[in-house]
2 protein chains.
Amino acid sequence: MKLEASGWKIGSVDEFLELSQEETEFIELKLSLSQNLKERRQSLRLTQKDFARMIHSSQSRVAKMEAGDPAVSIDLLVKSLLALKTSKKEVAGMLPH
Amino acid sequence: MKLEASGWKIGSVDEFLELSQEETEFIELKLSLSQNLKERRQSLRLTQKDFARMIHSSQSRVAKMEAGDPAVSIDLLVKSLLALKTSKKEVAGMLPH
DNA sequence: TGAATATATGTCGAAAATGACATGTATTCA
DNA sequence: TGAATACATGTCATTTTCGACATATATTCA
């Protein structure tokens, strides 16, 4: 999984070139939601633009969500999934490895 | 479940006194994480103050997290749970109804 | 091919979330 | 009881995330 390529910071103040287990799990969790969101949108034959209108957001933000951009919150990802009629159980199913 | 008591807005511009299914599910999801976080912290015999230090936050913010304050993000709740060595599978188990 | 459509990326001011602090209220226990 | 400890609540300046926009790059398809 190319975390580096998604713009996730690799270096930090405390650790140089190393992500803590906790940080890694957090990022993986978000990427799982991102990927599932993209799959769901596509399987519904929605364009990013149309989906953006559904959630009162913008095409560029949808693209960032799906790209796993670090500057997108889990809150927005979850709200987006719920807007696609994803059940809580389905959201839960996206989390475990 | 007393959503109103937790400070969640009941009225909005579009709908007066009614939460959409989507909004309700989002709030319930957050409250589940809140409650589980509180239980986990308590079972580990950690004070809010001590836990706050662990996650580089403050006692007041921990209190707000556990109270289900709307102004607390899922991101912070998830990071907090992960700091308590909660596995992704365990987080997933908190979500379904 | 090339126009139309779809997606990716960078930037901005506005809005929301943050840690910190002060202070109020419960709870504990000697 | 009352002091000590734990938790709740309100506010504030700073940081982060937001929708929006411009524009670059991919993809589709006639």
Side-chain angles (χ1 to χ4, degrees), chain A residues 2-9 12-14 22-23 26-27 29-31 33-84, chain B residues 2-9 12-14 22-23 26-27 29-31 33-84:
Chain A
K2 290 280 190 58
L3 298 182
E4 198 171 349
S6 294
W8 290 94
K9 129 178 117 207
S12 71
V13 180
D14 329 59
E22 193 181 320
E23 288 169 325
F26 181 75
I27 292 170
L29 192 149
K30 277 181 66 172
L31 287 181
L33 298 178
S34 291
Q35 291 163 187
N36 274 278
L37 176 64
K38 181 168 192 171
E39 289 168 8
R40 283 183 163 262
R41 176 187 62 80
Q42 288 179 330
S43 73
L44 291 171
R45 310 281 181 228
L46 286 169
T47 66
Q48 291 182 343
K49 192 177 177 184
D50 288 342
F51 179 51
R53 292 195 74 85
M54 286 175 59
I55 60 174
H56 308 103
S57 184
S58 63
Q59 178 270 324
S60 61
R61 190 134 284 268
V62 172
K64 282 160 191 164
M65 280 194 241
E66 296 181 351
D69 191 312
V72 171
S73 70
I74 293 182
D75 295 68
L76 186 60
L77 289 169
V78 168
K79 283 178 185 171
S80 298
L81 284 165
L82 294 179
L84 293 183
Chain B
K2 290 280 191 56
L3 298 183
E4 199 171 348
S6 294
W8 290 95
K9 133 178 111 195
S12 70
V13 181
D14 331 58
E22 195 181 321
E23 289 169 326
F26 181 76
I27 292 170
L29 193 150
K30 277 182 67 172
L31 287 181
L33 298 178
S34 292
Q35 292 163 186
N36 275 276
L37 176 64
K38 181 168 192 170
E39 289 168 8
R40 284 184 162 259
R41 175 187 63 79
Q42 288 178 331
S43 73
L44 290 171
R45 309 281 180 230
L46 286 169
T47 65
Q48 290 183 343
K49 192 177 177 183
D50 288 342
F51 179 52
R53 293 195 73 84
M54 288 175 57
I55 60 174
H56 309 102
S57 184
S58 62
Q59 179 269 324
S60 61
R61 191 134 283 268
V62 171
K64 282 160 191 165
M65 278 193 242
E66 295 181 352
D69 190 312
V72 171
S73 71
I74 294 183
D75 294 69
L76 186 59
L77 289 169
V78 169
K79 283 178 185 170
S80 298
L81 284 165
L82 293 179
L84 294 183

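Only heavy atoms go into these numbers, but all of them, side chains included; no hydrogens, no water, no symmetry mates. Predicted model only: the values in this text are computed from it and were never measured.
Using modelled atom types, no side-chain atom of B/K38 and backbone atom of B/A67 make a donor-acceptor pair closer than 3.5 Å. The closest donor-acceptor contact from the side chain of A/K30 to the backbone of A/G68 lies at 3.5 Å or more, if one exists at all. Between the B/D75 side chain and the A/S73 main chain, no donor and acceptor come within less than 3.5 Å of each other.
Base contact: A/A63 has a heavy atom under 4.0 Å from a base atom. Note on A/S57: only backbone sugar-phosphate atoms sit closer than 4.0 angstrom, heavy atoms only; bases stay farther off. Here A/V62 lies out of heavy-atom contact (under 4.0 Å) with every strand.
Scanning residues 77-84 of chain A for heavy-atom distances under 4.0 Å to DNA chain D yields an empty list. Sorted by residue number, the list of members of residues 41-49 of chain B with any non-hydrogen atom under 4.0 Å from DNA chain C is empty.
Using a 4.5 Å heavy-atom threshold, the side chains of B/R61 and B/D69 count as separate. The closest side-chain heavy-atom distance from A/S34 to A/M65 is not below 4.5 Å. Two residues are said to be in side-chain contact when any heavy atoms from C-beta on lie closer than 4.5 Å; A/I74 and B/L77 fail this criterion. Contact check for B/L37 versus B/V62: no side-chain heavy atoms found under the 4.5 Å cut-off. Counting heavy atoms from C-beta on, the side chains of B/S57 and B/F51 never come closer than 4.5 Å. In this structure, the side chains of B/K79 and B/I55 stay at 4.5 Å or more apart for every pair of heavy atoms. Contact annotation: the side chain of A/F26 never approaches that of B/L81 to less than 4.5 Å [non-hydrogen atoms, C-beta and beyond]. A 4.5 Å side-chain heavy-atom check between A/M54 and A/L46 finds at least one atom pair inside the cut-off.
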Taking only N/O atoms, report every protein-nucleotides 13-15 of chain C pair under 3.5 Å with atom names and distance.
none

Under 4.0 Å protein heavy-atom contacts per nucleotide of nucleotides 22-30 of chain D, with B for base, S for backbone only and - for none: ---------
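Toward the 5′ end of DNA chain D lies the nearest nucleotide of B/K64, the other residue of the pair B/K64 and B/D75 mapping further downstream.
Residues A/R40 and A/S43 come closest through the heavy atom pair O-OG, 3.0 Å.
Per the geometry, CZ belonging to B/R61 stands 13 Å off C1' belonging to D/dA8, to the nearest Å. Distance B/H56 NE2 to C/dA17 P: 23 Å, rounded to the nearest Å. Computed from coordinates, the B/D69 CG to D/dT9 C1' distance equals 9 Å when rounded to whole Å.
Sorted by first and then second residue, the salt bridge (charged side-chain N to carboxylate O under 4.0 Å, His left out) pairs with a member in residues 41-56 of chain A read A/R41-A/E66; sequence neighbours excluded.
Ranking D/dG19, C/dT18, D/dT17 by closeness to the A/A71 side chain, first place goes to D/dT17.
Axis angle between the ends of the helix from C/dT1-D/dA30 to C/dA30-D/dT1, five pairs each and rounded to 10 degrees, works out to 50°.
An OP1 or OP2 oxygen of C/dA17 is reached within less than 4.0 angstrom by no side-chain nitrogen or oxygen of B/S73.
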